[in-house]
Colleague: 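Please find one structure pasted underneath; my questions will follow.
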Amino acid sequence: MELRIKNKIKEAVRVLYNSELTDNLVQLQETRKVFKGDFTLVVFPLLRFSKNTPEQTGESIGKYLVSNCPEVAGFNVIKGFLNLEISDSQWIGYFADLSGSDDLLEKCRVSSPETILVEYSSPNTNKPLHLGHIRNNLLGFSLSRILSACGHKVIKTNIVNDRGIHICKSMIAWKKFGNGETPGSSGIKGDHLVGKYYVMFEQQYKVQIEDLVSTGMNENDARNSAPLLLEARDMLIKWEAGDPETVDLWKMMNSWVYAGFDETYHALGVDFDRIYYESDTYLKGKEIVLSGLERNFLYQNSDNSIWVDLTSQGLDHKLLLRSDGTAVYMTQDLGTAVMRYNDYKFDRTIYVVGNEQNYHFQVLRALMKKMGYGFSEGLIHFSYGMVELPEGRMKSREGTVVDADDLIKEMKETARSVSLELGKLSEYSGDEKEEIFRKIGLGALKYFILKVDPHKNMTFIPSESIDFNGNTGPFIQYTYARIRSIFRKAEQMGISSNQDMIRNAMPGPREIAIVKLLRKFSDIVTEASASLSPALIANYCYDLSKEYNQFYHDLSILGEENPGLRNFRLSLSRVTGSTLLTGMWLLGIEMPERM
RNA sequence: GGUCCCGUAGCUUAACUGAAUAGAGCAUCUGACUACGGAUCAGAAGGUUGGGGGUUUGAAUCCCUUCGGGAUCACCA
């Protein structure tokens with residue numbers, strides 16, 4: 001519709017002022033609520049053609065459109081703004097089409113689908129997932145669904161950081177202090193158990209440093225010569241050499257961690273198509289660096305360390321292999337990227353990684369370009385903001401890390417107490433209730449995180465951040481549950497919605513307002529996919545719910561006497577319900593049938 | 001110090017890539033159920049978009065400057 005109107009506007013200017021308009025001069029936008037109309041043309045840019053006042057220009061174009069453009073039923077001009085009024089029958093006709101289609105996302109499909117890898121989560125195996133990972137996982141998962149809904153081939157992927165000195169630290173601590181403790185023997189979830197030994201290492205290490213300092217050693221030397229650290233380094237060397245005992249221990253402890261992560265991922269409702277492990281990819285990375293050196297893209301220092309010079313691209317020199325030949329972070333990312341390209345020939349890889357690594361990804365891209373990898377342009381860093389607490393960043397040392405498992409559990413508990421307080425659901429079985437609490441608690445958490453612009457840092461206030469009223473997940477879920485309830489009731493009454501009757505109805509402004517919103521859905525999803533922003537969909541679902549709740553409050557649906565109007569309202573409810581369901585699905589949020 | 005990001009009501013945030021009177025929610029105050037679900041709805045109050053300058057018919061948005069906060073610049077990941 002907008003496109004047709006825009007073309008008519010161009011035609012109007014051609015006829016009235018004998019001038020050709022370029023698209024960027026036709027600024028057609030939604031009319032703001034305080035004014036009358038549906039679409040607004042900003043006429044300021046057209047004054048140079050009309051050589052007239054804004055009011056006169058608006059008036060002339062408005063008149064032309066009313067007589068030449070069937071969609072436009074009327075207009076008004078306020079200052080430099082031409083507000084166009086669309087006839088109700090246009091909106092009703094549009095809704096009839098929408099209502100008859102069974103695929104709300106049909107218009108979102110791109111004409112040339114890409115193969116896109118979305119990397120998210122990327123945990124370390126020495127500690128459990130926390131709130132930061134939750135944002136990461138939710139963003140990555142939702143982006144995957146959005147891109148895939150738009151027709152792209154999406155591979156959800158994860159790179160597990162399972163090697164390095166930090167892993168050896170928890171292994172050493174477990175060996176020395178663990179007395180053979182396992183998840184099974186202790187009842188502690190595997191990732192938490194390993195995390196416990198990592199913390200224990202750091203504590204004991206600190207004690208040893210203090211002891212050494214008290215004997216007169218300076219702190220730096222103490223740090224480097226504490227027995228525990230020496231043992232960890234020794235273990236890393238053994239690991240790299242493939243020492244069977246070390247590798248077995250590593251495998252065993254990793255398997256505990258993976259089982260723990262799987263549980264968290266499952267609770268969060270995210271999954272992956274393909275998981276890469278750093279312990280596999282770093283070797284590939286080394287290979288690439290060595291061949292890059294041979295081909296003179298890189299250079300070697302006198303101490304044998306290997307570097308790349310990116311100063312010509314405004315970046316710096318970057319180390320790629322240590323002097324002892326071991327790999328650094330960048331090394332394995334090179335390897336991972338190449339392995340992935342070999343596996344999938346992707347058009348894009350979207351790295352969902354915090355903005356603290358902006359520089360790293362700039363370097364990665366520039367480096368791959370320099371080394372001649374054609375796909376370097378397709379490496380996209382989806383840089384999202386940190387989750388902070390009121391007192392600042394989460395710090396594991398200060399024990400302020402918000403644990404993912406705890407948070408998920410707390411959300412469900414909160415949902416439970418809110419529900420019980422409201423006294424609903426009494427007729428459901430225990431299992432049914434648990435399922436509803438889970439959906440609501442998780443819905444609140446997910447919506448809270450996804451509704452904010454991914455690029456912005458966000459503050460999480462444990463006691464009050466997650467609400468169940470207002471602009472929240474449960475508000476949208478509630479709206480959906482109400483709609484479902486109407487249809488249960490309608491069924492009892494023997495009423496069903498009839499597609500053929502829609503065009504004959506005479507709905508009022510409340511209904512039309514919803515139709516206008518429903519119509520925007522596919523544009524919003526397309527926009528979310530293009531700009532990689534689930535927040536657009538989240539806020540849209542809220543707007544739609546709000547509009548629907550107003551309608552629901554003011555007007556009766558099943559109680560409406562006029563069958564045509566009742567049918568229209570029922571159809572409107574049906575499409576609103578499926579739009580909310582689809583929108584929230586794109587965010588990874590489940591909707592309860594009742595709550 | 002170099003580079004980059006962010007400052008919007010008390011709090012959490014929106015604003016389509018420069019347009020009209022900057023939208024919401026929470027919290028506060030006032031009202032609405034003999035009605036399809038009150039986790040709802042209606043209303044009030046709350047803003048010099050950190051400050052200052054500039055470009056423009058028009059700036060939260062672009063440019064400069066200043067203040068405040070953060071990130072990054074490791075043979076850490």
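Residue numbers begin at 1 in each chain, while the letters A, B, ... track the order of the sequences.
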Colleague: So that I can tick it off, tell me whether R438(A) and E435(A) are bridged by a salt bridge, with the cut-off set at under 4.0 angstrom between side-chain N and carboxylate O.
Modeller: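 Here E435(A) pairs with R438(A) in a salt bridge, since their nearest N and O are under 4.0 Å apart.
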Colleague: What nucleotide among C36(B), A39(B), U12(B) has an atom nearest to a side-chain atom of N469(A)?
Modeller: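 Closest nucleotide among those given: A39(B).
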Colleague: Could you tell me whether the phosphate oxygens of C76(B), OP1 or OP2, come under 4.0 Å of any side-chain nitrogen or oxygen in R322(A)?
Modeller: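 Answer yes for this pair, as a side-chain N or O of R322(A) is under 4.0 Å from OP1 or OP2.
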Colleague: By centroid distance (under 5.5 Å) and plane angle (under 30°), are Y542(A) and A24(B) in a stacked arrangement?
Modeller: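 So no, this residue does not stack on that base, at least one cut-off failing.
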Colleague: On a whole-Å scale, what distance lies between the C1' atoms belonging to U12(B) and G7(B)?
Modeller: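 About 15 Å, rounded to a whole number of Å.
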Colleague: Could you please name the option among A39(B), C26(B), C36(B) that lies closest to any side-chain atom of S556(A)?
Modeller: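 Comparing A39(B), C26(B), C36(B) against the side chain of S556(A), the answer is C36(B).
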Colleague: Among the candidates G70(B), A20(B), A19(B), find the nucleotide nearest to the side-chain atoms of I78(A).
Modeller: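 Between G70(B), A20(B), A19(B), the one nearest the side chain of I78(A) would be A20(B).
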Colleague: Verify the contact: side-chain N or O of R482(A) to OP1 or OP2 of G38(B), cut-off strictly under 4.0 Å; return yes or no.
Modeller: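 Affirmative; the distance criterion is met.
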Colleague: Could you tell me whether K516(A) and E547(A) have a side-chain N and a carboxylate O separated by less than 4.0 Å?
Modeller: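 Salt bridge: no.
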Colleague: For N126(A) and S170(A), test the side chains for any donor-to-acceptor distance below 3.5 angstrom and give the result as yes or no.
Modeller: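 No donor-acceptor contact under 3.5 Å links the two side chains.
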Colleague: Taking only side-chain nitrogens and oxygens of K456(A), does any of them come within less than 4.0 Å of OP1 or OP2 of A14(B)?
Modeller: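 Indeed, a polar side-chain atom of K456(A) lies that close.
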Colleague: In whole angstrom, give the distance that lies between atom CD of Q332(A) and atom C1' of C76(B).
Modeller: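 In whole Å, C76(B) C1' lies 13 Å from Q332(A) CD.
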Colleague: Would you say the side chains of N224(A) and R233(A) form a donor-acceptor pair under 3.5 Å?
Modeller: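 On atom types as modelled, these side chains qualify, holding a pair under 3.5 Å.
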Colleague: Determine whether the side chains of D467(A) and T472(A) contain a donor N or O and an acceptor N or O closer than 3.5 Å.
Modeller: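 T472(A) and D467(A) do not have a side-chain donor-acceptor pair below 3.5 Å.
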Colleague: Give one of base, sugar-phosphate or nothing for D324(A), where a contact means two heavy atoms less than 4.0 Å apart.
Modeller: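 Answer is nothing: D324(A) stays at 4.0 Å or more from every strand.
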Colleague: Check every strand shown and say whether Q29(A) touches a base, only sugar-phosphate, or nothing at a heavy-atom separation below 4.0 Å.
Modeller: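 Here Q29(A) touches the bases of the nucleic acid.
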Colleague: For the C1' atoms, the ones on G2(B) and on C62(B), what distance do you get once it is rounded to whole angstrom?
Modeller: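 About 25 Å, rounded to a whole number of Å.
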Colleague: Could you check whether Q362(A) gets within reach of a base, just the sugar-phosphate, or nothing at all, counting any heavy atom under 4.0 Å?
Modeller: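 Touches nothing.
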Colleague: Over all strands shown, is V328(A) touching base, sugar-phosphate only, or nothing at heavy-atom distances under 4.0 angstrom?
Modeller: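 Sugar-phosphate only.
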Colleague: From CE of M394(A) over to C1' of G70(B), roughly how many Å is that when rounded to an integer?
Modeller: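 Computing the M394(A):CE to G70(B):C1' distance gives 15 Å.
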Colleague: My understanding is that a pair needs two contacts under 3.5 Å, Watson-Crick or G-U wobble. By that rule, which nucleotide pairs with U21(B)?
Modeller: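 Partner of U21(B): none found under 3.5 Å.
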Colleague: If you measure from the C1' atom in G46(B) to the same atom in A22(B), how many Å do you get, rounded?
Modeller: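 Those two atoms are separated by 14 Å.
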Colleague: Using a 4.0 Å heavy-atom cut-off, does T479(A) contact any base of the nucleic acid, only the sugar-phosphate backbone, or nothing at all?
Modeller: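 Nothing, no heavy atom under 4.0 Å.
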Colleague: Does a side-chain N-to-carboxylate-O contact under 4.0 Å join R416(A) and E434(A)?
Modeller: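 Yes.
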Colleague: Choosing from C36(B), A20(B), G25(B), which nucleotide comes nearest the side chain of I486(A)?
Modeller: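 Among C36(B), A20(B), G25(B), the one nearest the side chain of I486(A) is C36(B).
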Colleague: Looking only at atom C1', what distance separates C36(B) and G47(B), rounded to whole Å?
Modeller: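 40 Å, rounded to whole Å.
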Colleague: Hey, is F81(A) doing a stacking thing with A20(B), by the 5.5 Å centroid and 30° angle criteria?
Modeller: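 Base of A20(B): stacked against F81(A).
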Colleague: May I ask which nucleotide in the shown strands pairs with U34(B), Watson-Crick or G-U wobble, both distances under 3.5 Å?
Modeller: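 No nucleotide pairs with U34(B).
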Colleague: So does R519(A) pair up with E2(A), basic N to acidic O under 4.0 Å?
Modeller: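 Result for this pair is yes, salt bridge flagged.
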Colleague: For RNA chain B, whose closest nucleotide is more 5', that of A415(A) or that of N539(A)?
Modeller: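 Checking each residue's closest nucleotide, the 5'-ward one belongs to N539(A).
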Colleague: Closer to the 5' end of RNA chain B via nearest nucleotide, is it N161(A) or F551(A)?
Modeller: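 The residue whose closest nucleotide sits nearer the 5' end is F551(A).
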Colleague: Scan side-chain atoms only and decide if N567(A) and E560(A) contain a donor-acceptor pair under the 3.5 Å cut-off.
Modeller: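 No pair is found: no donor N or O on one side chain lies under 3.5 Å from an acceptor on the other.
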Colleague: When all nucleic acid strands are considered with a 4.0 Å heavy-atom cut-off, which category describes Q357(A): base, sugar-phosphate, or nothing?
Modeller: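 Base contact.
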Colleague: Write down the partner of U61(B) under the Watson-Crick or G-U wobble criteria, each distance required to be under 3.5 Å.
Modeller: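 Matched U61(B) with nothing under the 3.5 Å cut-off.
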Colleague: Between A77(B), A39(B), C26(B), which one does the side chain of M595(A) approach most closely?
Modeller: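 The listed nucleotide nearest to M595(A)'s side chain is A39(B).
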Colleague: Base, sugar-phosphate, or nothing for I440(A), non-hydrogen atoms under 4.0 angstrom?
Modeller: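 The answer is base, as I440(A) lies within the cut-off (heavy atoms under 4.0 Å) of a base atom.
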Colleague: Nearest of U40(B), A14(B), A39(B) to any side-chain atom of V452(A)?
Modeller: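 Shortest atom-to-atom distance from the side chain points to A14(B).
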Colleague: Could you check if the base of U28(B) is syn or anti? Syn means the glycosidic torsion is within 90 degrees of 0.
Modeller: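 Because its glycosidic torsion lies more than 90° from 0, U28(B) adopts the anti conformation.
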Colleague: Regarding A490(A), tell me which of base, sugar-phosphate or nothing describes its non-hydrogen contacts under 4.0 Å with the strands shown.
Modeller: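 Touches nothing.
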Colleague: When the P atoms of G52(B) and U61(B) are considered, how many whole Å apart are they?
Modeller: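 Roughly 13 Å separates the two P atoms.
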Colleague: Nearest whole Å is fine: how far is A39(B) P from Y552(A) OH?
Modeller: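 Distance, rounded to whole Å: 10 Å.
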Colleague: Using the P atoms only, state how far A20(B) lies from G1(B), rounded to an integer number of Å.
Modeller: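 Per the computed distance, 39 Å lies between those P atoms.
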Colleague: Rounded to the nearest angstrom, tell me the gap between atom CG in D543(A) and atom C1' in C16(B).
Modeller: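 It is 12 Å, rounded to the nearest whole Å.
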Colleague: Which listed nucleotide (A22(B), A14(B), G70(B)) is nearest to the side chain of E388(A)?
Modeller: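 Between A22(B), A14(B), G70(B), the one nearest the side chain of E388(A) would be G70(B).
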Colleague: Please give, in whole Å, the distance from U72(B) P to H381(A) NE2?
Modeller: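 About 12 Å, once rounded to whole Å.
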Colleague: Rounding to the closest angstrom, what is the interatomic distance between G18(B) and G54(B) at atom C1'?
Modeller: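 G18(B) and G54(B) have their C1' atoms separated by 15 Å.
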Colleague: What is the separation between atom CZ on R594(A) and atom P on U40(B), rounded to the nearest whole Å?
Modeller: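 Answer to the nearest Å: 20 Å.
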Colleague: Any donor-acceptor pair, under 3.5 Å, between the side chain of N83(A) and the base of A20(B), if you only look at N and O atoms?
Modeller: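 Donor-acceptor pair under 3.5 Å: yes.
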Colleague: Any base atoms under 4.0 Å from Y329(A), or only sugar-phosphate, or nothing? Heavy atoms, all strands.
Modeller: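 If one applies the 4.0 Å heavy-atom cut-off, Y329(A) turns out to touch a base.
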Colleague: Record whether the side chain of T40(A) comes under 3.5 Å of the base of A20(B) through a donor-acceptor pair of N or O atoms.
Modeller: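 A donor-acceptor contact between them is present.
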Colleague: What is the pairing partner of A45(B), taking Watson-Crick or G-U wobble pairs with both distances under 3.5 Å in any strand?
Modeller: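 Check on A45(B): unpaired, no WC or wobble geometry under 3.5 Å.
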Colleague: Would a line drawn from the ring center of F551(A) to the ring center of Y548(A) be shorter than 6.0 Å?
Modeller: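 Here the rings of Y548(A) and F551(A) have centres that are less than 6.0 Å from each other.
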Colleague: N457(A) has an atom CG; how far is it from atom C1' of C11(B), in whole Å?
Modeller: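 Checked: the CG to C1' distance equals 17 Å.
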Colleague: For A39(B) versus U34(B), give the span between their P atoms, rounded off to a whole number of Å.
Modeller: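 It works out to 16 Å between them.
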Colleague: Is C26(B) paired to anything, Watson-Crick or G-U wobble with both distances less than 3.5 Å, and if yes, which nucleotide?
Modeller: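 Because both required distances fall under 3.5 Å, C26(B) counts as paired with G10(B).
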Colleague: Could you tell me which nucleotide pairs with A71(B) by Watson-Crick or G-U wobble geometry, both distances under 3.5 Å, or answer none if nothing does?
Modeller: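 Matched A71(B) with U3(B) under the 3.5 Å cut-off.
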Colleague: For the residue pair S121(A) and N137(A), confirm or rule out a side-chain donor-acceptor distance under 3.5 Å.
Modeller: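 S121(A) vs N137(A): donor-acceptor pair found between side chains.
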Colleague: Nearest to the side chain of L536(A), which nucleotide is it out of C41(B), A39(B), A15(B)?
Modeller: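 Comparing C41(B), A39(B), A15(B) against the side chain of L536(A), the answer is A15(B).
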Colleague: Counting just side-chain N and O atoms, does K33(A) come under 4.0 Å of either OP1 or OP2 of A22(B)?
Modeller: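 It does not, given that no N or O in the side chain of K33(A) lies less than 4.0 Å from OP1 or OP2 of A22(B).
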Colleague: Rounded off to whole Å, could you give me the CG-to-P distance for the N355(A) and U72(B) pair?
Modeller: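 Computing the N355(A):CG to U72(B):P distance gives 9 Å.
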Colleague: Which nucleotide in the set U12(B), A39(B), C73(B) lies at the smallest distance from any side-chain heavy atom of Y359(A)?
Modeller: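 Selected nucleotide: C73(B).
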Colleague: Checking contacts here: which listed nucleotide (G25(B), A77(B), A39(B)) is nearest the side-chain heavy atoms of K546(A)?
Modeller: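 Within the option list, the nearest is G25(B).
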Colleague: Across the strands shown, which category fits N358(A) at heavy-atom distances under 4.0 angstrom: base, sugar-phosphate, nothing?
Modeller: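 Nothing, no heavy atom under 4.0 Å.
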